[in-house]
Amino acid sequence: MAIYDKLNDKQQEAVFCTKGPLLILAGAGSGKTSVLTHRAAYLLDEVGVKPYNILAITFTNKAAQEMRERIDKLIGFGSDQIFVSTFHSMCVRILRRHVDLVGYSNNFTIYDNDDQKSIMKEVCKKLEIDTKKIKERSILNQISSAKNELVGPEKFAMGTAGDYILSKVAACYAEYQATLHKNNAFDFDDLIMKTVELFTEHPEVLENYHERWQYIMVDEYQDTNTAQFELVRLLASGSRNICVVGDDDQSIYKFRGANIRNILDFEKHYPDAKVVKLEQNYRSVQTILDAANAVIRNNSSRKDKSLWSKNGEGDKIHFRQFDTAMEEAEYVASDVLRSVRKDGFKFSDSAVLYRTNSQSRMLEERFVRENIPYRIVGGINFYSRREIKDLIAYLKTVDNGADDLSTRRIINIPKRGLGATSVTKVQMVADEMGISFFDALSHLDRAGIKGSTADKLRSFESMILRLRAINQAEGPVKLIKEILDVTDYINQMEVESEEEADERIGNIEELVSKITAYCEEHAEPTLTGLLEEIALIADIDSVTEGEDRVLLMTIHSAKGLEFTNVYLTGMEDGLFPSFMSVTEGDEGIEEERRLAYVAITRAKRNLTISSARARMINGETQYNAVSRFVNEIPNSLFDTPPVRKKQYGEDYSEDRYEGTRSFRSFDSGFSRKSDYSDEGDTYGGFKRTADEPSAYDISKPYNPYSRPKASARKTPEEDKPFIVKAASLDNLKKGSDIAAGGSSKLKAGDRVRHVKFGDGTVISVVKETRDDKVTVQFDTAGQKIMYASFARLQII
DNA sequence: TTTTACTTCGTTTTT
DNA sequence: CGAAGTAAAA
């Protein structure tokens, strides 16, 4: 039993409890993955359970993969037969097998958020709903919530008759669902809801899975929504061997339907449940845990627990307040460099966390400038870039001819002279005949389309049919290459958008290699499988160890991860906790507080908390006080953070972070609205608009204590931030002579090197407001016009 | 039909 | 500040 000896008493208790319902309340860093993997090992080794009788559900593919690897390490065999999966991919697997029973066909498509919005737009048009009064996103959110609560369109409609908006939403829901059905598509929420529906309506199918999965484990149970709760309940209703692991203090997904009651009321749902609490933390030093405990203590409705560790007290927590977000970013970048140089840290030891994705911009800018290798997780998803969505739409059209959305997306890509008029005509025939848009292409006479337009449509149709044949015969890799070939997509792009073509081509190449990788990894690669993997992939899934880069991400993305050195940035009231949550009241604040708890507990040794007095948000400068969560951390846990009352123009570069103060009394330092309200900036809720430039240019130091002179105002031109496009790691390593935007050193006659086009001679440099436009005659690739910052030309 | 210029508006967080 | 959507022009 040697492998279990390393576990503490509580952990062992959880591992050895194999029968009946078990709730493991696992505080942050308490070794819950270890418990789960050991429990799986114990089931296999000691209880004699067959690996295929075990189901483990996680929330991300990364977590699933990690769990499988760790079980593998523990026992070395059979782990590949354990079904370790996310909720969503598990449901897709089940639906692919049985979905015909509930009226869909098995090659269904999965729609992402963009797709949903497109569909909803169509629905609103059809139902003559003014999307300015009721926004698509709002309708979709309500539908999503309904689905997460297992409320179908019919049930939703009940009792909405009196309410104008609700009845409209109900109508949209029904129409939206009908459209999805017609397109043979599911959205994310459907995957769960339809699986529950399948099991409820077809108990014989559920029976199969009862036999198959006799031991069920669910990770991150606090993040389950009602639909997922019900799904788990159904699956476990056979054996009742259900083990859930979670931490109510880390429930941060309410916005996507997570119901914290699922974990709080587990013992009510399963009165015979055994409960094990894991409070010993193996991750962090005590100071960090003290801070986390101090913050989370302010929440009501929680299971009482308190983290402790034997890792020693550790360093104090650093707190730094800056005048601007720019300075904050500068500090983080410089401190990362310091940690590498002075503490012997690797870049990958550090992570920068923030509340909102938009905060990554300034940090990225700084990291590029300092040549710090970094990676941003999340934000604009790779698969939601236009060129990628276009090509995926081709793949989806080939895979699922019923997917009208994808077909209509690509019908005029590249430009074939097929506009809205032709699309509408074809769609009308499709609607009349009750067939798909694609199938309607073979009834052009009925649509009243003749002549050249008809020819174009026919050639589109035959192209898709040919692509289908290629997919059948030769598979996805050949297919995507053929699509690129036949559409001449890359050339088309270079013609259209000179400045972005480079990046887009890179993305396309990446897509091709991803598809190639998929086909190599799978024994029987299929287009359906490929698209499914693409639909369910999360950005965090591709974060692998071994890359020596600083990770930048939202706190949400960071859940489950740990880092030696963590920067928690943007700790300002109004940003974190967000303005939205403040208006929601206690419940909103408590969710944000849990988020703060998650953020703090990511740190193993060092934690730096920072905030800015002024920050540009949505084109307006906001002046926020230090986050209330910072104030909930006792003073004694901080180092002695500096405060400086800067005078305008004073050189502060030497001792910016020196001095002593009590941060608690400081707040934003200048919160009297009357002093500044005539400037129009946001002050205690008053806002100014972007076109009235503030005297405070946030990229420059300013004096918050004296009135700025009118002459200090900047013109909008100068106001524009210096932007350097993200350079790849390779380029970062190459050295210093990369021409950046705004300050291009290029001049006519220079010999330059381009990543893609090779060597060439600069013909001309035209200064433009944003960037220099450079014309280069390449030795082999011909003449190109490009923006200096973008082209990343290297002077040779 | 397609491109360009102007206007509006603000998801905090994601499978 | 930007993205995204809309109206007008080519």
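Chain A is the first sequence line, chain B the second, and so forth, proteins listed ahead of strands; every chain is numbered from 1.
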Notebook entry, point to check: Is A:Lys254 salt-bridged to A:Glu591, going by a charged N under 4.0 Å from an acidic O?
Noted result: no
Next item on the list: Look at all strands and tell whether A:Asn113 reaches a base, only sugar-phosphate, or nothing, counting heavy atoms closer than 4.0 Å.
Entry: base
Next item on the list: Remember a base hit wins even if backbone is also touched, and classify A:Asp114 as base, sugar-phosphate or nothing at under 4.0 Å, heavy atoms.
Entry: nothing
Notebook entry, point to check: Between A:Asn357 and B:dT11, does any side-chain N or O lie under 4.0 Å from OP1 or OP2?
Noted result: no
Check: To the nearest Å, how far apart are A:Ile534 CD1 and B:dT14 P?
Finding: 20 Å
Check: Are A:Glu230 and A:Gln228 close enough that a side-chain donor and a side-chain acceptor fall under 3.5 Å?
Finding: no
Check: If you pin A:Arg355 and A:Ala538 to their nearest nucleotides in DNA chain B, which one's is more 5'?
Finding: A:Arg355
Checklist line | side-chain N/O A:Lys132 vs C:dG5 OP1/OP2, d < 4.0 Å | finding: no
Note to self: Taking 5.5 Å and 30° as the limits, would you call A:Phe255 and the base of B:dT13 a stacked pair?
What the structure shows: yes
Item checked: Short side-chain N/O contact to B:dT15 OP1/OP2 from A:Ser89, under 4.0 Å -> no
Notebook entry, point to check: In whole Å, what is the span from the CD atom of A:Gln116 to the C1' atom of B:dT15?
Noted result: 11 Å
Margin query: Regarding A:Glu591, tell me which of base, sugar-phosphate or nothing describes its non-hydrogen contacts under 4.0 Å with the strands shown.
Written below: nothing
Notebook entry, point to check: If you take atom types as modelled and just measure distance, does the side chain of A:Ser578 reach the base of B:dT12 with a donor-acceptor pair under 3.5 Å?
Noted result: yes
Next item on the list: Send over the distance from A:Arg137 CZ to B:dT12 P, rounded to a whole Å.
Entry: 12 Å
Item checked: Side-chain N,O (A:Asn412) to OP1/OP2 (B:dT2) below 4.0 Å -> yes
Check: How close or far is atom C1' of B:dT15 from atom NE2 of A:His88, stated in whole angstroms?
Finding: 4 Å
Notebook entry, point to check: Taking 4.0 angstrom as the limit, do A:Asp114 and A:Lys117 come out as a salt bridge?
Noted result: no
Item checked: Ring-face cation of A:Arg96 near A:Phe108 (centre distance under 6.0 Å, axis angle within 45°) -> yes
Next item on the list: Would you mind reading off the distance between A:Lys135 atom NZ and B:dC9 atom P, rounded to a whole angstrom?
Entry: 8 Å
Note to self: Below 30° counts as parallel, above 60° as perpendicular, anything between as tilted: where do the rings of A:Phe229 and A:Tyr221 land?
What the structure shows: tilted
Notebook entry, point to check: On a whole-Å scale, what distance lies between the C1' atoms belonging to B:dT15 and B:dT11?
Noted result: 15 Å
Checklist line | Pair partner, B:dT13 [Watson-Crick or wobble, under 3.5 Å] | finding: none
Checklist line | Between B:dT12 (P) and A:Lys559 (NZ): distance, integer Å | finding: 20 Å
Item checked: Touch class at under 4.0 angstrom, heavy-atom based, for A:Gly378 against every strand present -> nothing
Margin query: Whole angstroms only, please: what is the CZ-P distance between A:Arg256 and B:dT13?
Written below: 13 Å
Check: With respect to the phosphate group of B:dT13, does any side-chain polar atom (N or O) of A:Ser557 fall under 4.0 Å of OP1 or OP2?
Finding: no
Note to self: Please pick, from B:dT13, B:dT12, C:dG2, the nucleotide with the shortest atom-to-atom distance to any side-chain atom of A:His556.
What the structure shows: B:dT13
Next item on the list: Scan A:Ser358 against the nucleic acid and name what it touches under 4.0 Å (heavy atoms): base, sugar-phosphate only, or nothing.
Entry: nothing
Check: Starting at CG of A:Asn141 and ending at P of B:dT13, how long is that distance when rounded to a whole Å?
Finding: 12 Å
Note to self: With a 4.0 Å limit, can you tell me whether A:Asn618 has a side-chain N or O closer than that to the phosphate oxygens OP1/OP2 of C:dG2?
What the structure shows: no
Item checked: A:Lys514 to A:Phe382 six-membered ring, cation-pi geometry met (6.0 Å, 45°) -> yes
Next item on the list: Without swapping roles, check the side chain of A:Tyr518 against the backbone of A:Leu530 for a donor-acceptor pair under 3.5 Å.
Entry: yes
Notebook entry, point to check: Is there a Watson-Crick or G-U wobble partner for C:dG5 with both distances under 3.5 Å, and if so, which one is it?
Noted result: B:dC6
Note to self: If you only use heavy atoms from C-beta on, which nucleotide in B:dT13, B:dT2, B:dT15 is closest to the side chain of A:Thr60?
What the structure shows: B:dT15
